[in-house]
There are 2 protein chains.
Amino acid sequence: MNITALQRPVSLVEGVCQQLAELIRGTTSLEERWLPAERSLAEQLGVSRTVVREATKRLEQQGMLEIQHGTGIKVVNKLHRPLCDSLSLLIPDVGARLQQLNETRLSIEPDAAAFAAERATKEHIRTLRGVHEQLESSPDNAAAIEADIAMHHAIADASGNLIYRLLLDSLAEIGLASRLRTIGRIGKQTAIEHHAQILEAIERGSAAAAREAMRTHILAAGEDMDLASLKAI
Amino acid sequence: MNITALQRPVSLVEGVCQQLAELIRGTTSLEERWLPAERSLAEQLGVSRTVVREATKRLEQQGMLEIQHGTGIKVVNKLHRPLCDSLSLLIPDVGARLQQLNETRLSIEPDAAAFAAERATKEHIRTLRGVHEQLESSPDNAAAIEADIAMHHAIADASGNLIYRLLLDSLAEIGLASRLRTIGRIGKQTAIEHHAQILEAIERGSAAAAREAMRTHILAAGEDMDLASLKAI
DNA sequence: GCAAGGTAGGAGGTCTTACCACCTTCAACC
DNA sequence: GGTTGAAGGTGGTAAGACCTCCTACCTTGC
């Protein structure tokens, strides 16, 4: 294998990145796969292990790989990770982060829900129903939060806009740690009702209703967090 | 210098990253600064050059550094870069990217403008006026686009929400290449008028007017792009 | 037969040294 | 004075050694 055929790789590392990315993209990504060992990759690609390491590190930061010490290099799909890192760097203070996070969600998610109402396929609807059932039957808070996040993810997915999905995945992961401490019994029941209304609006294809239901939901979640942070004082 | 005093750096690279980040943050970032050479850093931090390289590469990807072959390592503030990379990876097709980009901007920017109207300080207003004057007196399209982007950046800044600013910086950079081909004379004149209305609403402190003006502006910009992409066929 | 423990191999993590490619500077030359 | 090219410093790549960590298998004991 040789990299000279590729288009203007400014450096060897870049070339190897391109090859690996192509290798990853070109495979069925349904099951998590493992890459060959660093030394093996270096030999196959005709470069040193140094270059392979820098390339895999880079792809790991981009959320395409996960490097595990002593085990190997796993192919994953977590493209939202870089944004999470950026946000953590940008706003070190957790409180400020949550407040700004909620404002941003309020900008994005109602629109995402509206687009979902307009564009969702039958497959999307089925997924949404499944996730909502999971939310209803979740045994504990941890499971409820997981289902909650999955629901928002599915809505962003149904919106047909990949940017929404990327942003919401990131915002969800950033907000996760705090949610673990805020959702209580009442919060969960409210969340189920809210999500039911959103789901119903999307099924009906009503963009306006979906937007409004999502708006209500996020505003409520925001108040929930405010209470929790007050209680923490 | 020793890293053992730091809180649980899982690996040497991570420790060096933390140290470098602190080193960068702790300096006046007004002027672009240069880091010591890799070899020098390695000696100062008591680690090998390999570790320093991996750490600096990582911080470069996060948009905190820029490594220049043969010259040195520059401290920069481009935290939005990772999101740009993610978006490029996520949506390789430029056309689809622009469409989804516009939808996302339409979700975020009107709200950002509204918050700016509510929260902008005198300093923010002054900056906005300055940028708008730059836009009006821009000699060519390139300068106009630069001022255009600066205007949106300043509005996001005035919104007081760092996430807005991060997102908009990224979206602006992604959309830049296309804008270079779309803005014409008429587009520029329209843009100046739109921005004047937005600015006026923010100065007045009217969130509703700022939101609506921004919405109008982005919708117009979107149509501009549609026309341009049609013409390209 | 099964389970707990140990061990060997292979994976990534780090270090060292050497050399290559690139940029800047400055002095010698035209 | 302007041009050119050599020198020195910078990051880029290579190769090989050794360490830490994880996994899987095998041994040992019940």
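The chains referred to below are lettered A, B, ... by the order of the sequence lines, with proteins before strands, and numbering in each begins at 1. For clarity, every value in this text was computed on a predicted model and none was experimentally measured.
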Please list, for nucleotides 4-9 of chain D, all pairs of protein and nucleotide N/O atoms separated by less than 3.5 Å.
unit_1	atom_1	unit_2	atom_2	d
dG9(D)	N2	G70(B)	O	3.1

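When every heavy atom of H132(B) is checked against every heavy atom of I192(B), the shortest pair comes out as NE2-O, 3.3 Å. Residues L89(A) and R25(B) come closest through the heavy atom pair O-NH1, 4.2 Å.
To the nearest 0.5 Å, atoms OG (S159(B)) and CG (L168(B)) are separated by 8.0 Å. Interatomic distance, CG of L166(B) versus CG of L83(A), reported as 6.0 Å (0.5 Å rounding).
Ring orientation note: the planes of H152(A) and H217(A) are close to parallel, at an angle under 30° on the 30°/60° scale.
Here D85(B) pairs with nothing under the side-chain contact (heavy atoms from CB on, under 4.5 Å) rule; sequence neighbours left out. Residues forming a salt bridge (Lys or Arg N to Asp or Glu O under 4.0 Å) with R39(B) (at least two apart in sequence, or on another chain): none.
Separating the CG atom of L35(A) from the C1' atom of dG10(C) is a distance of 16 Å, rounded to the nearest angstrom. The interatomic distance linking E43(B) (CD) with dT10(D) (P) rounds to 12 Å, in whole Å. E38(B) has its CD atom 16 Å from the P atom of dT14(C), to the nearest Å. Rounded to an integer number of Å, the gap from W34(A) CH2 to dC22(D) P is 12 Å. Between the CG atom of L12(B) and the P atom of dT16(C) there is a distance of 11 Å, given to the nearest Å. Distance, K74(B) NZ to dT10(D) C1': 15 Å, rounded to whole Å.
In this model, a side-chain donor or acceptor of R49(A) finds a partner on the base of dG13(C) within 3.5 Å. Residue H69(B) places no side-chain atom within donor-acceptor reach of the base of dT10(D), judged by atom type and a 3.5 Å distance cut-off alone.
Pairs of Watson-Crick or G-U wobble type, with distances under 3.5 Å, assemble into runs of 3 or more in DNA chain C at these ranges: C:1-30 with D:1-30.
The pair R126(A)-E123(A) meets the salt-bridge criterion, with a side-chain N (NZ, NE, NH1 or NH2) lying under 4.0 Å from an Asp/Glu carboxylate O.
Of the residues near DNA chain C, T50(A) and I73(A), the one whose nearest nucleotide (by heavy atom distance) lies more toward the 5' end is I73(A).
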### Message
Checking Q99(B) against E103(B) for the side chain to side chain donor-acceptor pair (under 3.5 Å) test, could you report, in this order, the C-alpha distance in whole Å, the side-chain angles of both residues, the deciding distance, and whether it holds?
### Response
CA-CA 6 Å; Q99(B) 190 234 327; E103(B) 285 180 11; 2.7 Å; yes
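Sorted by residue number, the list of members of residues 53-68 of chain A with any non-hydrogen atom under 4.0 Å from DNA chain D is empty.
At distances below 3.5 Å, at least one donor-acceptor pair connects side-chain atoms of Q100(A) with backbone N or O atoms of L162(B).
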Donor-acceptor contacts under 3.5 Å from residues 50-61 of chain B side chains, at least two apart:
unit_1	atom_1	unit_2	atom_2	d
R53(B)	NE	E54(A)	OE2	3.2
R53(B)	NH1	E38(B)	OE2	3.1
R53(B)	NH2	E54(A)	OE2	2.9
E54(B)	OE2	R53(A)	NE	3.1
E54(B)	OE2	R53(A)	NH2	2.9
T56(B)	OG1	V52(B)	O	3.0
T56(B)	OG1	R53(B)	O	2.9
E60(B)	OE2	I67(B)	N	3.3

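The R39(B) side chain lies nearest to dG11(D) when the options are dT14(C), dA15(D), dG11(D).
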